[in-house]
There are 2 protein chains.
Amino acid sequence: MEKILIIEDELSIAELERDYLELNHYEADIAATGQEGLECLKANSYRLVLLDLMLPDMDGYEVCRKIREVSEIPIIMVTAKNEDIDMIRGLGRGADDYIAKPFNPNQLIARVKAHIARYDRLVSTGQNKDEDIRIGDLLIQPVTRKVFVNNEERTLTAKEFDLLLFMASSPNQVFSKEHLLEQVWGFEFYGDVTTVTVHIRRLREKIEKDPSKPEYIGTVWGVGYRFKR
Amino acid sequence: MEKILIIEDELSIAELERDYLELNHYEADIAATGQEGLECLKANSYRLVLLDLMLPDMDGYEVCRKIREVSEIPIIMVTAKNEDIDMIRGLGRGADDYIAKPFNPNQLIARVKAHIARYDRLVSTGQNKDEDIRIGDLLIQPVTRKVFVNNEERTLTAKEFDLLLFMASSPNQVFSKEHLLEQVWGFEFYGDVTTVTVHIRRLREKIEKDPSKPEYIGTVWGVGYRFKR
DNA sequence: GAAATTTGTAATAACTATATAATGTTTTGG
DNA sequence: CCAAAACATTATATAGTTATTACAAATTTC
């Protein structure tokens, strides 16, 4: 079972978090202080840390930094709403995401899942994530960020390239627009999903022979898009 | 898995280094003497060497020299005092980098990663560190630190040259400003990324025919810069 | 230790990518 | 075959990035 570590001094909040996690088939340990949290980390193997910003013994940043000295485990900071300026500081210091109290339980679970998945991808693909991808007449070079169709370069913008690379890294897998927004645009981005539609359109314009009959980027009606191999 | 060789007589430090490396998905062997280290190198295939300056049988320089007789593998020297570093740097004995005890684990890992990546780049481009680089009308001489455009010398400052050489060593690869800061300015440097922008500007001024339409140093919008071949 | 050069920073101008909205088209289920 | 939903297409304003300039701080040179 996947274990999550909750570092939070207010027991009521910690238990609330644990309840939601357990409802979603995670197991959760609670540590009331930063020190206790660090000890739990040493003694156990967790998939993710939920870290309160305000702790009795040391602040969340400090804990975050100490965790990062030994591990790349995903860290989600939990903060009170009015502290959002400082949240950015937290992200700069090694946290992967932040969520404001009071939080939406679904969002919490969604983020936990997403970060665990991201981490796994990072680790598992760590070796060949820079390797060229060749599919049909299409060549994608992650290192140079260049894309060729029939050995002819097509210049993509940053987002276009990121989107293409993400999809082409898992060919034939269907991604919902929401999923693509989350993975390519990032968790902070709360825009409209039509953004994805438009980007898919522009991508097709650049890499497909006939954008209205795409051979690389397929539409899966009612579900999302897939990169066909 | 990537293997690292630790040559260090103090077991507690060696084990600390190994722990950090293993947390970051490296495998590490420990050798307590220079002689033992050299034997490990013969018997195994490593990606990098962490080399203590003070060893019981021979000093780090000696070991370094002996390694260099047979291999161009990245070597990071680990030294006791900060002051020693400046002295060592001046000597230029073939180590690729230096780090002082007590070291920051993140920095250690960051440097290990960076040097392995750099080594791979050099190998894949089939280029020796000191070999001249010729691209179009541009000639870069690492040994003399001179740069010519159409056989006409352009005098660059130290940073300008380092930046140009770094980028030109991996043509077409896209580097973010953060990456350039880290690699060219060093890990200790915590300045603003606009510094990179300005240096790029100055470089273009000196080597491009029309700096506003650069043919060597290209801008990759939203990502960084690339040296075009 | 003064002068000259290099380097870093800050301010603002110029530019590009991209999000969004509006409108048109295709698909699907009843 | 119709209506509703999902997607495609297009145009545009804006947010975000980079270029440029000027200046201050640091470093090197003499």
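To find a chain, count down the sequence lines: A is the first, B the second, and so on, and within it residues start at 1.
- One interatomic measurement links the two molecules: CZ of A:Arg145 to C1' of C:dA17, which rounds to 13 Å at whole-angstrom precision.
- In this structure, the CZ atom of B:Phe189 is 13 Å from the C1' atom of C:dT6, given to the nearest Å.
- Looking only at atom types and distance, the side chain of A:Thr219 has a donor-acceptor partner in the side chain of A:Arg204 under 3.5 Å away.
- Atom CG of B:Leu163 is separated from atom C1' of C:dT6 by 14 Å (rounded to the nearest Å).
- Phosphate proximity of D:dT18 to B:Lys177: present, with a side-chain N or O under 4.0 Å from OP1 or OP2.
- Shown here is A:Asn151, whose CG atom has no more than 12 heavy atoms of other residues, nucleotides or ligands within 6.0 Å.
- To the nearest 0.5 Å, the span separating OH on B:Tyr216 from CD1 on B:Ile140 amounts to 9.5 Å.
- Contact annotation: B:Arg201 side-chain N/O to D:dT18 OP1/OP2 distance is not under 4.0 Å.
- Of the side-chain N and O atoms in B:Thr197, none sit less than 4.0 angstrom from OP1 or OP2 of D:dT18.
- Within a heavy-atom distance below 4.0 Å of DNA chain C, the residues of residues 216-229 of chain B found are B:Trp221.
- Side-chain proximity of A:Lys159 to C:dT20, D:dA22, C:dT18: nearest is C:dT18.
- Looking at B:Glu69 and B:Lys66, no side-chain N of the basic residue comes within less than 4.0 Å of a carboxylate O on the acidic one, giving no salt bridge.
- Of the side-chain N and O atoms in B:Trp185, none sit less than 4.0 angstrom from OP1 or OP2 of C:dT7.
- B:Lys146 NZ: 12 or fewer foreign heavy atoms inside a 6.0 Å radius.
- A salt bridge does not link B:Asp59 with B:Arg65: none of the charged nitrogens is closer than 4.0 Å to a carboxylate oxygen.
- Within the nucleic acid shown, A:Thr157 comes within 4.0 Å of sugar-phosphate atoms alone, with no base atom in reach, counting heavy atoms only.
- No salt bridge links B:Glu160 with B:Arg202; every basic N to acidic carboxylate O contact stays at or beyond 4.0 Å.
- With the nearest nucleotide of DNA chain C identified for both B:Val198 and A:Glu160, B:Val198 has the one nearer the 5' end.
- One interatomic measurement links the two molecules: CG of A:Asp192 to C1' of C:dA22, which rounds to 13 Å at whole-angstrom precision.
- Contact between the side-chain N/O atoms of B:Arg204 and the OP1/OP2 oxygens of D:dA19 is found at a separation under 4.0 Å.
- At whole-Å resolution of the value, OH in A:Tyr190 and C1' in C:dA19 are 17 Å apart.
- For the pair A:His199 and C:dA19, the criterion of a side-chain N or O lying under 4.0 Å from OP1 or OP2 is met.
- Whole-Å rounding puts the A:Phe161 CZ to C:dT18 P distance at 13 Å.
- One can place CZ of B:Arg202 at 11 Å from P of C:dT9, the figure rounded to the nearest angstrom.
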